[in-house]
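See structure below.
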Amino acid sequence: MDSSRPKVAILGTRFDDFDLERGVLGDVEVVFGPGRDRSEVVGVASGADVILAGAAPRFDAETLQELNCPAIVRLGVGVDSVDLEAARQRGMWVSYVPDYGTEAVALHAVTLILAAIRRLPMADRHIRTGAWGFAHLRPLHLPASLAVGVVGYGRIGRRVADMLAGVGFERFLVCDPLVEEVASGTLCSLKELLSRADVVTLHAPPKVGGHLLGSSELEAMRPRSVLVNTARGALIDTPALVDALEKGRPAIAALDVFENEPPDIGMLEPVADRLILTPHMSWYTEETELELRRQGAEEARRILNGEPPLHPIVSPTEASV
């Protein structure tokens, strides 16, 4: 091992090889591992100059101390897996890749919405039992008759609205405290959106100190409404959602993300016929994965070259004196 070469650790990814990363990073030592717990994270990445981290590895204060690493690049949008205050105290870089996957996530959200309003999973299960007809699926409605609530109106939320408009949706309600106006739609509070929308699609960051949708919020949803979450599992209180689905508000939930992954299917079993579940795959296409890897490696290269990353969350200048 050449100690003069920078060391880059890649943790918690599903990639078959790291040729792309090596091509971007240049003459570095690349180490990798699953990073499923602290011992695996520290065992692989201790002393690394930069860590490229997937979603699974967790970096709490004790782990960061053991690692003694100056920089973490999250391969994705969320940084809740990193104790940002501990990283700040240690004078680290923490950056992320915020602008990849917009098209893929939006496409997945729209696919879930269309499958839910057409009741496709229910129709499929019905036929597989040997039954026929669609009386149990009534009433079905055209998009123009349904109101869509978009919670979080960033890149993905806006793209979802654009795609839905392209297939006939006309009425949009938007809840986002950072947005002052929308070109096509109505800004409103979360409470108003939930009470008026036939479809609610979540594209918001996690709520600090709790869930965005708990029992009271879910109870405010319309009967026969649809709830879609491709953003963060922590946005929805899972036991409250099970209870709400049993009461028919919402009638269907389509989830790509979960509070705990993989989810406890036993907890969801009582309402299995009212759920559409996918395995945190909304971000994925071959093209999106390559773009994520390239952008993450470029962030790491900037840090190794003594340059600031493009998308810092924490920087060394923030360390407490």
Side-chain angles (χ1 to χ4, degrees), residues 8-15 21 31-101 105 152 154 156 202-212 229-238 255-264 279-284 288-289 292-293 295-297 299-300 303 309-316 318:
V8 175
I10 304 176
L11 299 174
T13 72
R14 305 177 182 89
F15 313 148
E21 288 77 10
V31 296
F32 54 90
R36 290 167 295 200
D37 55 36
R38 180 180 298 163
S39 64
E40 287 188 351
V41 170
V42 174
V44 173
S46 180
D49 296 282
V50 181
I51 296 172
L52 291 168
R58 316 301 293 182
F59 301 91
D60 57 19
E62 185 174 342
T63 301
L64 293 176
Q65 182 174 356
E66 290 188 50
L67 282 171
N68 192 29
C69 173
I72 295 173
V73 177
R74 260 289 289 122
L75 294 171
V77 176
V79 291
D80 47 312
S81 60
V82 183
D83 185 330
L84 298 180
E85 183 55 35
R88 187 173 289 112
Q89 294 290 333
R90 297 190 63 80
M92 297 178 63
W93 283 112
V94 178
S95 72
Y96 71 139
V97 182
D99 55 356
Y100 85 101
V105 176
I156 295 172
L202 303 182
H203 306 286
K207 180 182 177 182
V208 177
H211 303 93
L212 183 68
N229 188 10
T230 56
R232 296 286 187 279
L235 290 172
I236 304 175
D237 182 330
T238 304
L255 309 175
D256 183 59
V257 289
F258 306 86
E259 284 193 272
N260 298 294
E261 296 185 348
D264 180 355
H280 202 150
M281 61 179 282
S282 62
W283 67 274
Y284 169 72
T288 301
E289 184 173 86
L292 169 64
R293 295 174 64 181
Q295 290 190 39
E299 287 284 80
I303 294 169
L310 292 181
H311 304 290
I313 298 295
V314 174
S315 71
E318 298 177 52

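Because the structure is a prediction, the values reported are computed rather than measured.
I303 contributes atom CD1, which lies 7.0 Å from atom CH2 of W93 (distance to the nearest 0.5 angstrom). Atoms OG and CD1, on S81 and I72 in that order, are 8.0 Å from each other to the nearest 0.5 Å. A distance of 8.5 Å separates CZ of R74 from CZ of F59, quoted to the nearest 0.5 Å. Atom CG of D83 sits about 12.0 Å away from atom CD of Q65, to the nearest 0.5 Å. Note that the CZ atom of F32 and the CZ atom of F15 stand 12.5 Å from one another [nearest 0.5 Å]. Note that NE2 of H203 is 8.5 Å distant from CG of N229, once rounded to the nearest 0.5 Å.
With hydrogens and angles disregarded, no donor-acceptor distance shorter than 3.5 Å links the side chain of R58 to the backbone of V82. Under a 3.5 Å cut-off, the side chain of Q89 and the backbone N or O of E85 do not form any donor-acceptor pair. A donor-acceptor pair under 3.5 Å is absent between the side-chain atoms of R38 and the main chain of V42, judged by distance alone. Looking at R232, its side chain never comes within 3.5 Å of a backbone N or O of P206 through a donor-acceptor pair. Side chain of D256 to main chain of S282: a donor-acceptor pair is present (N/O by atom type, distance under 3.5 Å, no hydrogens or angles). For N260 (side chain) and P263 (main-chain N/O), no donor-acceptor pair under 3.5 Å exists by modelled atom type. Panel note: side chain E261, backbone F258; a donor-acceptor pair is recorded below 3.5 Å. A donor-acceptor pair is defined here as one N or O able to donate and one able to accept, closer than 3.5 Å; such a pair exists between the side chain of E299 and the backbone of L310.
Using a 4.5 Å heavy-atom threshold, the side chains of W283 and T288 count as touching. Counting heavy atoms from C-beta outward, V31 and V8 have side chains that stay 4.5 Å or more apart. Within the 4.5 Å cutoff, the side chain of I51 has heavy atoms near those of the L11 side chain. For the pair P98 and H311, the minimum side-chain heavy-atom distance is below 4.5 Å. Under the 4.5 Å side-chain criterion, counting only non-hydrogen atoms from C-beta, I236 is in contact with L202.
When every heavy atom of L212 is checked against every heavy atom of A204, the shortest pair comes out as CD2-CB, 4.5 Å. I313 and R88 get closest at one heavy-atom pair: O-NH2, 4.2 Å. Here the closest non-hydrogen pair linking V50 and A300 is CG1-CB, 3.8 Å. Here the shortest heavy-atom pairing between C69 and A48 reads SG-O, 3.1 Å. Considering all non-hydrogen atoms of both residues, D37 and S39 come closest at OD1-OG, 2.7 Å. Closest approach of E259 and H211 over heavy atoms only: OE2-NE2, 2.7 Å.
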- Dump the intermediate steps for side chain to side chain contact (heavy atoms under 4.5 Å, CB included) on L75 and R293, then the final yes or no. CA-CA 7 Å; L75 294 171; R293 295 174 64 181; 6.0 Å; no
- Task: Dump the intermediate steps for side chain to side chain contact (heavy atoms under 4.5 Å, CB included) on V79 and L84, then the final yes or no.
- Result: CA-CA 8 Å; V79 291; L84 298 180; 4.0 Å; yes
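Applying the side chain to side chain donor-acceptor pair (under 3.5 Å) rule to T13 yields no partners; only residues at least two apart in sequence or on another chain are considered.
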